[in-house]
Amino acid sequence: MTIVEGENTVLYLQTARFQVKQYGRAVSGLSVADQSLDYLTQDWTSYSCPLSSKDQLTNSKAAILNMYKKRAFYLIAKVDKRLRSEVEKGQSPETAWNNCLVELIQAAQAHIHYYMVQNCYTGVESVDTTPDIREVLLTLCQFFCHLRHQQILWRLFTEFCIECGPVGDCEGLRATFSFCDKT
């Protein structure tokens with residue numbers, strides 16, 4: 001038995017509940033209620049990761065977003081399958097839900113990560129600022145995207161620091177903390 005508590009857990013489970021309902025709609029051929037869940041209506045059967053090098057990982061917004069979407073789709077499809085299996089084995093829907101709490105939270109977190117990455121890129125692209133600051137903000141978006149991948153992160157961060165040297169692009173990164181509130 002898994003025991004969970006706390007506001008974050010409740011919010012994750014509310015998100016997962018909405019995802020499961022929308023996944024059911026998508027599987028039935030209906031549209032989803034929220035644009036952030038459009039990935040549920042996509043056909044992911046032939047998807048394969050398009051990245052083969054570190055440069056593609058840091059320079060491809062579309063590839064990064066697709067990886068986050070695929071992960072979110074995979075996790076919600078997996079938990080939905082398990083929920084159905086539990087009910088088919090004779091569990092009540094409530095018991096099935098309780099048996100899948102960890103997977104439901106993981107699916108909600110995957111959706112939230114996708115949503116945050118998507119909005120990070122959208123925000124940076126729409127902000128009215130100089131190209132230098134935009135580039136630094138895009139670097140921060142990419143940095144956030146890789147937070148979940150510690151080994152990649154440390155390698156990229158080390159290479160970034162070596163490339164920057166004592167000043168280099170790091171000056172722009174430091175400058176991001178002093179630009180106006182509009183950005």
Note, Tyr12 side chain near Gln109 side chain (heavy atom, < 4.5 Å): yes
Main-chain N/O of Lys69 paired with Trp44 side-chain donor or acceptor, under 3.5 Å: no
Joint cluster assignment, Tyr23 & Tyr74, ILVMFWY side-chain distance < 4.5 Å: no
Donor-acceptor contact below 3.5 Å, side chain Ser28 vs main chain Gly24: yes
Hydrophobic cluster membership, Leu104 vs Val87, 4.5 Å side-chain cutoff: no
Close side-chain approach of Leu140 and Leu137, heavy atoms under 4.5 Å: yes
Exercise: do Glu125 and Tyr121 side chains pair donor with acceptor under 3.5 Å: no
Separation between CZ of Arg134 and OG of Ser126, rounded to the nearest 0.5 Å: 8.0 Å
Passing candidate, side chain to side chain contact (heavy atoms under 4.5 Å, CB included) with Leu13, options Leu11, Thr15, Thr9, Val10: Thr9
Residues Asn66, Lys70; criterion side-chain contact (heavy atoms from CB on, under 4.5 Å); working and verdict: CA-CA 6 Å; Asn66 278 334; Lys70 170 61 177 172; over 6 Å; no
NE2 on His111 to CZ on Arg71, rounded to 0.5 Å: 12.0 Å
Reported OG1-to-CZ distance for the pair Thr41 and Phe73, which is rounded to 0.5 angstrom: 9.5 Å
Short side-chain to backbone donor-acceptor contact, Thr139 and Glu135, under 3.5 Å: yes
Under 3.5 Å: donor-acceptor pair, side chain of Arg82, backbone of Asn99: yes
Residue list, side-chain hydrogen bond (donor to acceptor under 3.5 Å, both in side chains) with Thr45, at least two apart or on another chain: Asp43
Residues that, via side-chain heavy atoms closer than 4.5 angstrom, fall in one hydrophobic cluster with Tyr115: none
Approximate separation, where rounding is to 0.5 Å, of Arg84 CZ and Glu88 CD: 8.5 Å
Value rounded to 0.5 Å, distance of SG in Cys100 from CG in Asp80: 9.5 Å
Salt-bridge contact Lys78-Glu103 (side-chain N to carboxylate O under 4.0 Å): no
Spatial distance of atom CD (Glu94) from atom CD (Gln91) [nearest 0.5 Å]: 11.0 Å
Side chains of Val32 and Tyr39 in contact at under 4.5 Å (non-hydrogen atoms): no
CA sep, side-chain torsions, deciding dist, call: Gln22, Phe18, side-chain contact (heavy atoms from CB on, under 4.5 Å): CA-CA 6 Å; Gln22 295 308 304; Phe18 184 69; 3.6 Å; yes
Selection residues 78-101 - residue pairs positive for ring-ring contact (aromatic ring centres under 6.0 Å, His included), sequence neighbours left out: none
Main-chain N/O of Leu30 paired with Arg25 side-chain donor or acceptor, under 3.5 Å: no
Closest non-hydrogen atom pair, Ala16 against Ala108: N-CB, 4.0 Å
Transitive ILVMFWY side-chain link Leu37 to Leu75, under 4.5 Å: no
Derivation of the side-chain hydrogen bond (donor to acceptor under 3.5 Å, both in side chains) call for Thr130 and Asp132: CA-CA 5 Å; Thr130 66; Asp132 290 340; 5.3 Å; no
Minimum side-chain heavy-atom gap Thr95-Glu86 below 4.5 Å: no
